[in-house]
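Written out below as C-alpha cells is the structure these notes cover.
Throughout, protein chains are lettered first and strands after them, A, B, ... in sequence-line order, and every chain is numbered starting at 1.
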Amino acid sequence: MELYENRSSTVEFDPMCDKENPQRISFEDVSAAAFRIQSGITKTPCVKSHMSSIYGMDIYLKNDFLQYTGSFKERGARNALLLLSPEAKERGVISASLGNHSQGLSYHAKQLNIPVTVVMPNVAPIMKIENCRSYGANVIIHGHDMKEAKYYAMMLAKEKGLVYINGYDHPHIMAGQGTVALEILEQVPDLDAVLVPVGGGGLLAGVVTAVKHLKPHVLIYGVETEKCPSMEVALDKGEPMSVEIRSTLADGLAVSTVGYNAFATVKSLIDRMITVNEDWIARAILRLAEQEKYVVEGGGAVGVSAIMAGHVPELAGKKVVCILSGGNIDTTIFGRCLERGLAAEQRLVKFKVTVSDRPGGIAELCKLIASIGVSIKDIMQERAWVYGDIFSVRVKVVCETRGPEHMNQLRSMITNTYKEWYFSREPEDCSSNRRPSSDSLDDVSK
Amino acid sequence: MSRRNEDFDELCDPENPQIIKYENVLEASKRIKNFIKPTPCTPSHFQRESGINIFYKLETIQRTGSFKERGAINALTLLPKDNQKIGVVVASLGNHAMGICYYGQKLEIPVTVIMPTCVPAIKLQLCQNLGAKVIVQGSNLVDAQKYARGYAKDKGITYIKRDYPNVLCGYGTVALEILDQIPNMDAIIVPVGSGGLIAAVASVVKHVKPECLVYGVQSERLPTFYKSLEAGEPITLPYEPSIAEAIAMPYVGVNAFKNAQNLIDKMLLVKEDWIARAILHLVETERFVVEGAGASPLAAILGNLVPEFKTKNVVCILSGGNIDAVLLGRSLDRGLAAEGRLIKFKVLIKDFASAYEQFMLLLAHGGYNLIRQFQDRIWVENEIYRVEVKVVCETRGLNHALELKRLVERAYPNACSFETEPFNDDRTCPCNAKSLKPK
C-alpha cells in the first residue's frame, strides 16, 4: 500500500498525501486498524434518538463525541501511531491542527510514549491549546492561519526528522477513522443509511470503504456546511479544489481543500453530498442539547441538521445512523449556538418598537408582553436616532416565546397596538428557498 | 398527628409510613424491563484531578430526561385495569409529571396534571404535547397537591404521589442497575429533593451491600431533608428558588423520610455556585447536559466536601437533564464566573481614543478576550475628562484572572476596582461538610 519515492522537492511535499499519487485505502486496512486500536479506543454507544418519531425515520446516534479527547479523531491517530517504525517512534511525530486531531494525537502519543509536537495558529481557542499541553504534547503557536502553521510544521518535520501526520488524508488515519463504521454495522445491523460529517474527507473515506465492502446497499451521504463545501466542489470539478473558508459554527469541518487520498477513495463510492445552512447547525446543537442531553460541536451536528432541514425526504421510514463526530465546542460558542438555535426556532425574538417617552410608556409595553406569557430577556432604549417625534423612544426588546405560534401572537399584538415596529426576522418555513448563512456569528446580539 | 379529614392519604400517612421492601424493587425491575433499558454508568474523565474514581449513572438519557420515569411506569403498570381506564392525576412541576404523561400516553391511560400558577410555560406545553390534560391551580406545589387529591376523590380517579410505595420501588431499580454495573462500588452520592430517590437507593444498597456508603446532597438554599434529619421528623421550609430546581422541595416525603432516616450515612449541602460549576464541568469535560439537581453530586466533589473518597469508587447519580436552553446558558456563565474564567471589573481611563486603544491593547496582549463593556461618563465624580469603563472579559483560569488584576492595577493605579468574585475575600472555606450520623 505504501509507496515512498524520493521526491523531496518542496517543504510542503508530504509523501503520504501526494496529489500525483493518491492512495486509496482498502477494507483490509480498516479491519486491521480495528484490531490494532481496540485496546485504546472506546467502543461508543449507538443509541436510538428520541427525535425519531418527529422526523418519521429511525434515527440512531453514534456517540463518538464520548471518546476521551472528545472526538473520533483518536481512532485514526492511534492507528497511525501504532503503525510507525520503531525509529520513527523514537524521533517523534508532528502535526498542524486546530483542534480535534491534535488532541487525539497528543493523548495517544503520550500513552504510547512517542514524543509529539503540535503546531497551532494564533487563532486557536485557548481551551484546545491547554488541552494539548495537558495531554503532554509540545505545543508551538505559529502563524495566523492553518496554512502558515502547516508550513511551519512541515519545515520542522524535515529539520528534525519527525514524521508529519496529516489529520485527514494520511492513509493510516483514514483506515483508523473507518473503524467507527465497523462498530456501527455491528450495533445497527439492519441500517439503511449513514450520514457522515465531511471536513477533509478522512472520516467519509474510511466509512465508505468499510460499509460499501460489507453492505453495498447501505446509502452513505456526506454532509458539509454551506460555508465550506470543499467536497461538493471537488466532486463537481473532478479533483480537490481550494475553497474559501468562511467563519462557521462547524469549525472542525473548515478545511479548504479535501484530501487527495480521501477524494480518490470517496469519489466513486459515495451516494450523495449534502450542504446545510448554518442556522440548521445551530438548531441541531440546541436540539441535541435539549432533547438528547448531549453536547455536540457544530461539525458533529451536521448530520442531524440535514435531517432537521428536510434534506433527506427519501430516507423517511428508514433506519438512519448519524455520526456525532465530536463534542469539543468552546463553552462561550456553545452558549451562543443555543441562542442562535432558539432564535432560529423563534423561541427568542428580537423586535424594535417606538413607544411614548413619558413615564409609563415602557411599563405598558412590558405589561402587554407579559400578558401573553412572554418573558423579556433584554430591553434597550435608543433616543437620538428616532426621527420626527421628540417625545418617543425606540425600544429594542429581546424576549422568549414558546414557539412560532406564540411568536405570531406576540407579533400581531405589537402590530395592532403600536404604529411603528420592526421585527428583525420574518418567519419562514423550511420548505421556502433557503436564506444563505449570514457571516456573523453574533446575529442575535446585533 | 393523624388528621382524618380530606388531607388523609393512607399511602402517605405520617403515623404509618410504608417501608420499601427489597423484593418489591426486584419485582419492579422485572416489570419495567420492557419499557426502560438500563442506562450506562460510565467512568468520568476527571479521575486525575480529583483523585476519586467517579462513575456517572446517566439518567439524563431516559426518554423523558430523568429517572422519575422508573417510578411512573411501575406505578402505572401496577394499577388495576379498571383504574387504568378511568385515568390518573398528578401534581407536579416537572419531571414526575412528564414521566407519568409519557407512559400514560403509551399505555393509553388518561392523565390529568395539576400545576401551580408559577409553572413555566414550556413545562405546561410539554405535558400537553404528551397528551395530558393540564389544570393550573394553586399558588404553590403543596396547594396543587391538595387540589389534586380533592380532584381525584371527586372524579374517582387515582392520585399518584411521588412518595407512594409503588413509585419509590420503581426508583429503586436504578440502584439495582448500579450494583450490577459497578460491583466494587464504595460509595454513592444521590441528589435529594423530597427524598424519594435516596430512600429507594439506600434501601436497596444497604440491603445488598451494607458497607457501601450512601450520601445525599441538597442545595444549601433549601435544605429541607437535611433539617428534617436534624429534627428527627419531616419539616417544611418556605420555598426558595434554586439553580437545582428539581430538588428545591419545601417539604419531604413521609415514606421517603422514614425509609431514609436510618440508612443515609451523610447529608451534604452544596453552594449554588458549585452546582453551576458542576454543570459547566459536565458540559465541557464529559459533554453531557445535566440539570442543576443532577449535577449536585458532582458539585459536592468539586466543593471538596468528600475528601474521604480519594482513591475510592464513587457513583454519582446524574438524576436528570431537563434544563431549558436559557437556564443552561445562564448556568454556564455562572460557572465560568465562579471559576474566575469570566471576570468583571471597572477602570477609569482618560476619555481619548488613544487611551482607550492602550487599554484594549493591554487586554489583548495578556490574551484576555473582551466580552462586554459599558462606558459611563455621567457618574464619574470630579473628573470631567475621564470615563469609567466596566469590562467583562474571558480568562484562561483563576491565575490568569489574578494576573490581569496585577496588570491593570499597575497600569492604572488607584483607578480601578475589582470588587466581584473571585477577587473579593468572600469565598468561604470549602470544608463545609455537615455530617449527620444516624442516632
Exercise. Hey, are the side chains of A:Leu338 and B:Leu328 touching, using non-hydrogen atoms and a 4.5 Å cut-off?
Worked result: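 Of all side-chain heavy-atom pairs linking B:Leu328 with A:Leu338, at least one is under 4.5 Å.
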Exercise. Around atom NZ of A:Lys110, are there more than 12 heavy atoms of other residues, nucleotides or ligands at under 6.0 Å?
Worked result: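 Count not over threshold, so no.
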Seminar exercise, completed: From the list B:Leu318, B:Leu58, B:Val289, B:Leu282, side chain to side chain contact (heavy atoms under 4.5 Å, CB included) with A:Lys293 holds only for B:Val289
Exercise. Any idea which of A:Asn63, A:Leu286, A:Val296, A:Leu66 has the most non-hydrogen atom pairs under 4.5 angstrom with chain B?
Worked result: A:Leu66
Seminar exercise, completed: Heaviest contributor of heavy-atom pairs below 4.5 Å to chain B, chosen from A:Gln291, A:Glu130, A:His50, is A:His50
Below 4.5 Å from any heavy atom of chain A, which atoms of [X] appear? Answer side chain, backbone, both or neither.
X	result
B:Asp324	both
B:Ile61	both
B:Asn322	both

For this session: Could you look at A:Thr332 and say if it's the side chain, the backbone, both or neither that has a heavy atom under 4.5 Å from chain B?
Result: side chain
Problem set entry | Side chain / backbone / both / neither for A:Thr401 at chain B, heavy atoms under 4.5 Å |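 Nothing of A:Thr401, per the 4.5 Å heavy-atom cut-off to chain B.
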Seminar exercise, completed: Value for CG (A:Asp330) from CD (B:Glu284), rounded to nearest 0.5 Å, stands at 7.5 Å
Selection from [options] maximising heavy-atom pairs under 4.5 Å formed with chain A:
options	answer
B:Glu394, B:Arg287, B:Arg396	B:Arg287
B:Val326, B:Thr64, B:Asp333, B:Leu332	B:Val326
B:Gln125, B:Lys37, B:Arg63	B:Arg63

